[in-house]
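Remarks on the structure that follows.
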Amino acid sequence: RRTGRCEAGANGVVNWAWFEKDRLKPDKAGKVFQLALEFISDDAEHIEKAQAVFSAFVEMKTRLKDYERARVIYKFALDRLPRSKSSALYAAYTNFEKQHGNRSTLETAVVGRRRVQYEEELAHDGRNYDVWFDYARLEEGSLHTAREEGEPAEKVEACIGRVREV
């Protein structure tokens, strides 16, 4: 009888999921990732583990050419993780959209990444007016694009709210 070594943490889960994918069972690998994400808490100490699991999950879906599912996973991860800690994930999402997205999805990714950058700069120095003006222009441009492309009313209202907030 064979016995295996149990690896705790994100690395063990990622290895288990890749094992299932290599055995040509991508559905089971996806369930392993989903199970891992259910058990990773939202504590600050578990954010790195969650990012590692999200990144590996997206990598697997990308290799399987399931780009829509990978995009959904990125958006879920970026909504769930704090913006201040997810700059690496935003960079990976932007690169993903450059390779597999269209103009609209790429612009959304770039705007999200720039939004995080401006918020980080303002957290360090809230009196930097150049950053405030750039941030306001970014949000106004996002609103203008949403109106031009005929986005749903909810999205336009969200853009208006962000412009007023800035």
Side-chain angles (χ1 to χ4, degrees), residues 7 9-44 46-120 135 138-163 165:
E7 292 184 48
N11 289 338
V13 171
V14 170
N15 290 339
W16 179 20
W18 281 107
F19 170 76
E20 294 296 344
K21 182 209 164 277
D22 291 342
R23 289 181 51 210
L24 301 176
K25 295 184 179 180
D27 293 337
K28 192 167 184 180
K31 288 179 184 177
V32 170
F33 280 121
Q34 290 172 354
L35 181 68
L37 292 171
E38 287 176 15
F39 285 104
I40 294 175
S41 65
D42 292 337
D43 297 343
H46 293 110
I47 290 174
E48 291 180 18
K49 291 179 183 178
Q51 285 184 351
V53 173
F54 280 126
S55 297
F57 197 6
V58 167
E59 183 181 347
M60 184 192 75
K61 288 298 183 181
T62 303
R63 286 186 182 181
L64 293 171
K65 296 185 179 12
D66 190 359
Y67 303 125
E68 287 303 315
R69 181 77 171 143
R71 186 172 288 115
V72 168
I73 294 166
Y74 267 126
K75 289 180 182 178
F76 176 76
L78 293 171
D79 287 342
R80 185 173 176 193
L81 299 175
R83 287 185 175 183
S84 62
K85 304 279 185 179
S86 60
S87 59
L89 202 58
Y90 261 111
Y93 177 52
T94 304
N95 289 335
F96 171 82
E97 288 298 347
K98 285 179 184 177
Q99 292 177 349
H100 306 291
N102 56 27
R103 182 176 179 244
S104 175
T105 58
L106 177 60
E107 285 180 2
T108 302
V110 170
V111 166
R113 186 173 177 189
R114 288 178 57 202
R115 189 175 287 137
V116 169
Q117 177 187 358
Y118 290 142
E119 288 174 2
E120 285 177 355
Y135 190 20
L138 174 75
E139 294 299 347
E140 287 173 351
S142 178
L143 173 62
H144 182 69
T145 302
R147 285 182 175 162
E148 275 185 353
E149 293 179 357
E151 295 290 339
E154 298 86 30
K155 188 168 182 180
V156 172
E157 287 298 320
C159 290
I160 290 171
R162 283 194 303 269
V163 168
E165 184 179 307

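- Here CG of L138 is found 11.5 Å from CG of L143. Values are rounded to the nearest 0.5 Å.
- Y135 and E119 share a donor-acceptor pair across their side chains, judged by distance under 3.5 Å alone.
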Side-chain donor-acceptor contacts of residues 52-61 below 3.5 Å, not counting sequence neighbours, with atom names and distances?
unit_1, atom_1, unit_2, atom_2, d
S55, OG, Q51, O, 2.9
E59, OE2, R63, NH2, 2.8

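- Here the side chains of S104 and E149 are in contact, with some heavy-atom distance below 4.5 Å.
- A salt bridge links R71 to E97: one of the charged nitrogens lies within less than 4.0 Å of a carboxylate oxygen.
- With respect to R162 and E165, no salt bridge is recorded, no charged nitrogen being found less than 4.0 Å from a carboxylate O.
- Side-chain contact check for L37 versus R80: some heavy-atom pair is nearer than 4.5 Å.
- Summarising the geometry, atom CG belonging to L78 is positioned 4.5 Å from atom CG belonging to L89; distances are rounded to the nearest 0.5 Å.
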(request) Start with the C-alpha gap between H144 and E148, add the side-chain angles, then the distance that decides, and say whether side chain to side chain donor-acceptor pair (under 3.5 Å) holds. (result) CA-CA 6 Å; H144 182 69; E148 275 185 353; 2.8 Å; yes
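- The CD atom of Q99 sits 8.5 Å away from the OH atom of Y67 when rounded to the nearest 0.5 Å.
- For the atom pair OG1 (T62) and CD1 (I73), the distance works out to 8.0 Å, reported to the nearest 0.5 Å.
- Nearest approach of V163 to E140, heavy atoms of both residues: CG2-N, 3.9 Å.
- Here the OH atom belonging to Y74 is positioned 9.0 Å from the OG1 atom belonging to T94, to the nearest 0.5 angstrom.
- The pair E151-R147 does not meet the salt-bridge criterion, since no charged nitrogen lies less than 4.0 angstrom from a carboxylate oxygen.
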(request) Go through F33 and V14 one step at a time and tell me if the side-chain contact (heavy atoms from CB on, under 4.5 Å) criterion holds. (result) CA-CA 7 Å; F33 280 121; V14 170; 4.2 Å; yes
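- Partners of E157 by salt bridge (charged side-chain N to carboxylate O under 4.0 Å, His left out), not counting sequence neighbours: none found.
- A salt bridge is absent between E20 and K31: the closest approach of a Lys/Arg side-chain nitrogen to an acidic carboxylate oxygen does not fall below 4.0 angstrom.
- The shortest distance between side-chain heavy atoms of Y93 and R113 does not fall below 4.5 Å.
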(message) Go through it in stages, so that I can follow the logic: the residues are S142 and E107, the test is side-chain contact (heavy atoms from CB on, under 4.5 Å), and I'd like the CA-CA distance, side-chain angles, deciding distance and then a yes or no.
(response) CA-CA 9 Å; S142 178; E107 285 180 2; over 6 Å; no
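- We find the NE2-CG distance between H100 and D66 to be 11.5 Å, quoted to the nearest 0.5 Å.
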